[in-house]
A.B. asks: 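First the structure, then my questions, so here it is.
Just so it is clear, the values below take in all heavy atoms, side chains as well, and ignore hydrogens, waters and symmetry mates. Naming: A, B, ... by sequence-line order, numbering from 1 per chain.
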There are 2 protein chains.
Amino acid sequence: MSGGVEWALHCCTLLSRASQPVPAVKLAEYHDVSPSYLAKQLQLMSRAGLVRSTQGNAGGYVLTRDAAAITVLDVVEAIDGVLPAFRCTEVRQRGPLATPAEQCADPCAIAKVMDSADRAWRDSLRAVTIADLVADADRQILPGAVERARAWLAS
Amino acid sequence: MSGGVEWALHCCTLLSRASQPVPAVKLAEYHDVSPSYLAKQLQLMSRAGLVRSTQGNAGGYVLTRDAAAITVLDVVEAIDGVLPAFRCTEVRQRGPLATPAEQCADPCAIAKVMDSADRAWRDSLRAVTIADLVADADRQILPGAVERARAWLAS
DNA sequence: AGCACTCGGATATATCTTATCCAAGTAGCT
DNA sequence: AGCTACTTGGATAAGATATATCCGAGTGCT
């Protein structure tokens, strides 16, 4: 999995707290990561429709919908794409004892197992929203930290 | 996921049918894949203890235990390794408003979600054995195909 | 109209996967 | 016992993907 997924998720949690657009440079500085590379992740999220960008002065990124309506899977698929990790190359149809194509209407047993596992993985990621992440984080951080973050974003 | 996983799984199903050692070249020819690259996958499975190799004349690879005792996860981990796809870099401990380290004893919310999804994925793969794959394949192939495969392996 | 600030796509670098080769080792045959 | 043929094992190139970066296009404010 791409390492940018972690950054993107952190950005979403931060954006859900800000009510004003946050520029990419500020998001990078807050998390202490490469600004030019984070820009790429934000671009991917913009294309996926998770965030909306406004250019010009006082511009930046805003979530397009409520944090409770954005799942972790949405972010993962925006960054890493929607294609499953396993791709069946139909090995059974190759070689000297190849299975004839008309016998291969159903996916082979290996593909079925991989698809099933991929579905379980995605279901697990779909069950958690950005709002859930924020709620969990609020339970752990020190009191006043949220206010400090909001103030830092506004500065 | 590495493409070699598919080859490795196909090799396991074929090895479970053969009662004699099968050399890597024969496995590659049967599946019509690169012999030199397949050798690498077999090497990884050998290191993981899934197959045992015998050198010299009439040598080759044999499964070390019954097909019902080898799960799909065993093969996937032998080829792709046991490390989870997501690795938390503790972003929360970086930046101007970094969370102090003593507050970070528990993994962050993002890491928890990813670990949970990874566990669901692995559980799904662990639930299926090579024997299950063979049984599923037997249901789909034409009658007599198994005997032809055994004969080809012996030739 | 000009200016300062922001995003977006095109462009280098690094790392991992894929693919290949040759040397080490083993079993059976002479 | 030595030899030969066969097989695996690790070390080595080529290609693909992920990572990191830069500069031009666009937008709102003065």
A.B. asks: Which heavy atom of A:Ala127 sits nearest a heavy atom of A:Asp132, and at what distance?
C.D. replies: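 In terms of heavy atoms, the two residues are closest at O-OD2, 4.0 Å.
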A.B. asks: Does a nitrogen or oxygen in the side chain of B:Arg47 sit under 4.0 Å from OP1 or OP2 of D:dG9?
C.D. replies: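 For D:dG9, OP1/OP2 do not have a side-chain N/O of B:Arg47 under 4.0 Å.
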A.B. asks: Are A:Leu9 and A:Met1 grouped together when hydrophobic residues (ILVMFWY) are joined by side-chain heavy atoms under 4.5 angstrom apart?
C.D. replies: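 A:Leu9 clusters together with A:Met1.
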A.B. asks: Side chain of B:Ser53: nearest nucleotide among D:dG9, D:dA20, C:dA19?
C.D. replies: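 Nucleotide nearest to B:Ser53's side chain: D:dG9.
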A.B. asks: Starting at atom NZ of B:Lys40, determine the distance to atom C1' of D:dA11, rounded to an integer number of angstrom.
C.D. replies: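 Interatomic distance, NZ of B:Lys40 to C1' of D:dA11: 9 Å.
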A.B. asks: Can you check whether A:Ser46 has a side-chain N or O nearer than 4.0 Å to OP1 or OP2 of C:dG8?
C.D. replies: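 Answer yes for this pair, as a side-chain N or O of A:Ser46 is under 4.0 Å from OP1 or OP2.
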A.B. asks: Output yes when at least one side-chain N/O atom of B:Tyr37 is less than 4.0 Å from OP1 or OP2 of D:dG15, else no.
C.D. replies: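 For D:dG15, OP1/OP2 do not have a side-chain N/O of B:Tyr37 under 4.0 Å.
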A.B. asks: Does A:Gln43 put a side-chain nitrogen or oxygen below 4.0 Å from OP1 or OP2 of C:dC7?
C.D. replies: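 Negative; the distance criterion is not met.
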A.B. asks: Does a salt bridge link A:Arg139 with B:Asp106, judged by any charged N lying under 4.0 Å from a carboxylate O?
C.D. replies: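 No, this pair does not count.
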A.B. asks: Give a yes/no verdict on a cation-pi contact between A:Lys40 and A:Trp7, requiring under 6.0 Å between NZ or CZ and the six-membered ring centre and an angle within 45° of the axis.
C.D. replies: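 Negative - A:Lys40 is either too far from the ring of A:Trp7 or too far off its axis.
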A.B. asks: Can you check the B:Asp80 CG to C:dT17 P distance for me, whole Å?
C.D. replies: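 Atom-to-atom, B:Asp80 to C:dT17, this comes out as 7 Å.
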A.B. asks: Classify B:Arg52 by what it touches in the nucleic acid, base, sugar-phosphate, or nothing, heavy-atom distance under 4.0 Å.
C.D. replies: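 Nothing, no heavy atom under 4.0 Å.
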A.B. asks: Take atom CD1 of B:Ile79 and atom C1' of C:dC16, then tell me their distance rounded to the nearest Å.
C.D. replies: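 In whole Å, C:dC16 C1' lies 16 Å from B:Ile79 CD1.
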A.B. asks: Could you check whether A:Ala58 gets within reach of a base, just the sugar-phosphate, or nothing at all, counting any heavy atom under 4.0 Å?
C.D. replies: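 Nothing: the residue A:Ala58, judged by heavy atoms under 4.0 Å, touches no strand.
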A.B. asks: Calculate the interatomic distance between A:Lys26 atom NZ and C:dT6 atom P; express it in whole Å.
C.D. replies: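 One finds 9 Å between P of C:dT6 and NZ of A:Lys26, rounded.
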A.B. asks: Taking the nucleotide of DNA chain D with the nearest heavy atom to each, does A:Ala39 or A:Gly3 sit closer to the 5' end?
C.D. replies: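 Its nucleotide being nearer the 5' end, the pick is A:Gly3.
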A.B. asks: Could you check B:Pro23 against A:Gln55 and say which one's nearest nucleotide on DNA chain D is further toward the 5' end?
C.D. replies: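 Going by which nucleotide is closer to the 5' end, it is B:Pro23.
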A.B. asks: Would you say A:Ser2 reaches D:dT19's phosphate, i.e. side-chain N/O to OP1/OP2 under 4.0 Å?
C.D. replies: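 So the side chain of A:Ser2 is within the cut-off, an N or O lying under 4.0 Å from OP1 or OP2 of D:dT19.
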A.B. asks: Start with the C-alpha distance between B:Asp115 and B:Arg122, add both sets of side-chain angles, then the distance that settles salt bridge (Lys or Arg N to Asp or Glu O under 4.0 Å), and finish with yes or no.
C.D. replies: CA-CA 10 Å; B:Asp115 284 355; B:Arg122 288 188 145 81; over 6 Å; no
A.B. asks: Is there a side-chain polar atom (N or O) of B:Ser34 under 4.0 Å from OP1 or OP2 of C:dT20?
C.D. replies: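 Looking at the OP1 and OP2 atoms of C:dT20, one of them is under 4.0 Å from a side-chain N or O of B:Ser34.
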A.B. asks: Figure out the CG/C1' separation between B:Leu15 and D:dT8, and round it to whole Å.
C.D. replies: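 Distance, rounded to whole Å: 14 Å.
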A.B. asks: B:Asn57 has a side chain; which of D:dT19, D:dC6, D:dT21 sits nearest to it?
C.D. replies: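 Side chain of B:Asn57 sits closest to D:dC6.
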A.B. asks: Rounding to an integer number of Å, can you tell me how far A:Gln41 CD sits from C:dG8 P?
C.D. replies: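 The answer, rounded to whole Å, is 13 Å.
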A.B. asks: Nearest-Å distance, CE (B:Met45) to C1' (D:dG10)?
C.D. replies: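 That distance rounds to 17 Å.
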A.B. asks: What is the distance, to the nearest angstrom, from the CG atom on B:Leu42 to the P atom on D:dG10?
C.D. replies: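 These atoms are roughly 13 Å apart.
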